[in-house]
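Here is the structure we will look at.
So that the names make sense, note that chain A is the first sequence line, chain B the second, and so on, each numbered from 1. In this text the structure is predicted, and so the values were computed from the model without any measurement. Basis for what follows: all heavy atoms, side chains included, without hydrogens, waters or symmetry-related copies.
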Amino acid sequence: MSDPLELLRAANPVAEPRAFAAATQRQMIDAIVTHQPTGGGGWVARLLRRVSRRRLYVIVVAAVLAAGCTAGAVAVLHGEQSAPLSGALPGPPGGKYSFSVIPSLGAGTVGWCIGEETQTPPPTLRKLASKLRSDLEQALVHDEAELRQGHLSQARRRQLSGHVNTGIPDALRSLTPARYRSSPLLRKFARLADGLGEGTGVCGEAAMRGRPIIDAMTAGGSGHHVALYLTAPDVAAVRISAAVTVLTAANSQLPDGYRYAVVVEPKGGLGPVAGSGPWPVAALNRNGRVIPARRVLPSEGETTVSWQAQRGRSAVGPPAPSTTPPLAACEIDPRGLAGAKLYYGAVVVHVHGQPQLEGEPYVSCAYTQLYYRGYTVQAAVLLDARHPGKLPALLPDSVTVRSQPDTVNEPQRSVQQPITARRIGDAWLVVETLSQQGSSTLTERLAVLNKLTACVRLHGTLCP
Amino acid sequence: MGQVGQERQERFELLFESYHAQVAAYARRRAPVEAVEDVVEETFLVAWRRLERVPSEPLPWLYGVARRVLANRARSGRRAVALAERLAQELERGGPADGAPGLSAGLEAALRALSEREREAVLLVAWEGLTPSEGAIAAGCSAAAFRVRLHRARSCLARALGGPEVAVSEERLDPLSGAGES
């Protein structure tokens, strides 16, 4: 058996995949499915059931308006300031979180994707660090003269314990005895532990009447959590409990005048509010009144047809009906990218528009994934979701590319990859390009974007 | 839940039940056992979010997602965990740690000598049982690029293990080779 592949197969550490127990499978499926953002209505309804009899934490200050205007009562909203979109995690020092918002590129989808990145040593490392601490303690007992009595002083123990619970890299650097400090392996571990991070992204919904909370997402590991609430422009605060109200803030990174509230879980937790968030909230207007939320079904989006360049076995759902993009409302033409290999995508058959939406969200009319010279390229055509055919809004937080006035670039935020977009009539042609090394440069994205073309067939217009 | 939502969830449950074991095995081969359930859950969370984008042959796509999930848990985190494990063993026993379970020292050293891409290519074929076309989807590259990586990896492994250069026809590895590729 000299073929290395055969040797590797024989050494497979997990030769036979094993299914999780049925109960574990059920738990995981439920956790995943209930993690789906359902808009603010669900949370608000749950909250209203829970706290409808509680006193609002809004202090009403009566004020008579001067200058002969009608006298009235104006409520003054009290609450904590929101934490920033990027900042330090509560708990052990060194933890960081970051949130970002970009348009959803999936064909037929309307709305925004929230990305979250958390940098904190994961529990696995904490456990290992705890073991390392024990080993290092023993090493110290042997190595350090002041500990020859065979035990650590109480102060030293507290110092060790504190370091290990709060910062692994620091603990390793400051407590490692000489013989371990000289170990390249240990130095490498400490360096890597510095950069530990993880992140996820979810794609949600756009604002519409009856949905003041557009989406929410939690960052944080096993310690304290931080939750982002993306809200409609008229939301002045979110109330999490009788004791916790957080004021919303504006930010140029957010679309359509959306506001946000980042809620940091306090040390003692959020009292009766259970779980790791996002916690149920009520949206308050600037007078401190609850903005009514009604049950809003998640948008089913536009009808799409998917395609896949290479037909595969159909294991879940029907196979893609076509191996090439079918004729539809929008078309992405990759022929300018010599040697590009199409992978899969989807197109919207007819774009209807969704005037019930608020703000200026986009609808993705076509989505294509392809490979080109070592890059995985995702391309999409974005239209104005409310009134397709109208000039769509600028991409949030984007800047015009100096050499190409019809092109904008949105830099990388958090875990979201940077995107670059060019105006094609009344649409944006957007690309997100990923290389094996990770995220791409603007030059690399422009090289792809400038060779792609797209067209939109609305109101009977034809593509060239 | 409406009928569309119900159908969507049923489709997802079928996806999960059909493939979670393979994704768990993929994660177990590359991450500590404590992280496996997290990786599976996060991979299928992405699949749930993007169910409409899951291709009709989902396993390579799921491996690709799991690969990015592992990378997202910090590109360096995976190595850090492995390093920490090795370090813990080293400190415990006062000597260097052994290789991965089931791997001879020679094979492990030969694997380590490969580039990350080549190692992933050869492991996707040897351990996950993918064809090069499927492996290309999981690795996020073209099938041609994947075959080049695989060929290089096998040649390097053969040289490192002191055996003759391996020349195996692609057809034997990939019965679908060439079929349907653009």
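Between the CZ atom in B/R49 and the OG atom in A/S104 there is a gap of 11.5 Å [rounded to 0.5 Å]. Distance check, rounded to the nearest 0.5 Å: CD1 of A/I32 to CD of B/E41 gives 5.0 Å.
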Residue pair A/I29, B/W48: steps toward the side chain to side chain contact (heavy atoms under 4.5 Å, CB included) verdict: CA-CA 10 Å; A/I29 289 172; B/W48 168 245; over 6 Å; no
Side chain to side chain contact (heavy atoms under 4.5 Å, CB included) assessment of A/T24 paired with B/E37: CA-CA 10 Å; A/T24 308; B/E37 285 195 12; 4.0 Å; yes
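For the pair B/W127 and A/L8, the tightest heavy-atom approach, listed with the atom from each and the gap, is NE1-O, 2.9 Å. Taking every heavy atom of both residues into account, A/P17 and B/A21 meet most closely at CB-O, 3.6 Å. Taking every heavy atom of both residues into account, B/C141 and A/Y371 meet most closely at O-CE1, 3.9 Å. The two residues A/M28 and B/F16 have their closest heavy-atom pair at CB-CZ, 3.9 Å. The nearest pair of heavy atoms linking A/F20 to B/H20 is N-NE2, 2.8 Å.
Using a 4.5 Å cut-off between heavy atoms, A/Y372 does not touch chain B at all. Neither the backbone nor the side chain of B/L59 comes within contact range of chain A; no heavy atom of the residue lies under 4.5 Å from a heavy atom of that chain. Heavy-atom distances place no part of A/A346 under 4.5 Å from chain B, backbone and side chain included.
No other option in B/A126, B/A25, B/A145, B/A136 has as many heavy-atom pairs under 4.5 Å with chain A as B/A126.
Ion pair B/E17/A/R26 not flagged as a salt bridge, since none of the NZ, NE, NH1 or NH2 atoms sits closer than 4.0 Å to an Asp/Glu carboxylate oxygen.
Using a 4.5 Å cut-off on side-chain heavy atoms (C-beta onward), A/R9 and B/V125 make contact.
Counting non-hydrogen atoms of other residues, nucleotides and ligands closer than 6.0 Å to CZ of B/R152 gives a total of 12 or fewer.
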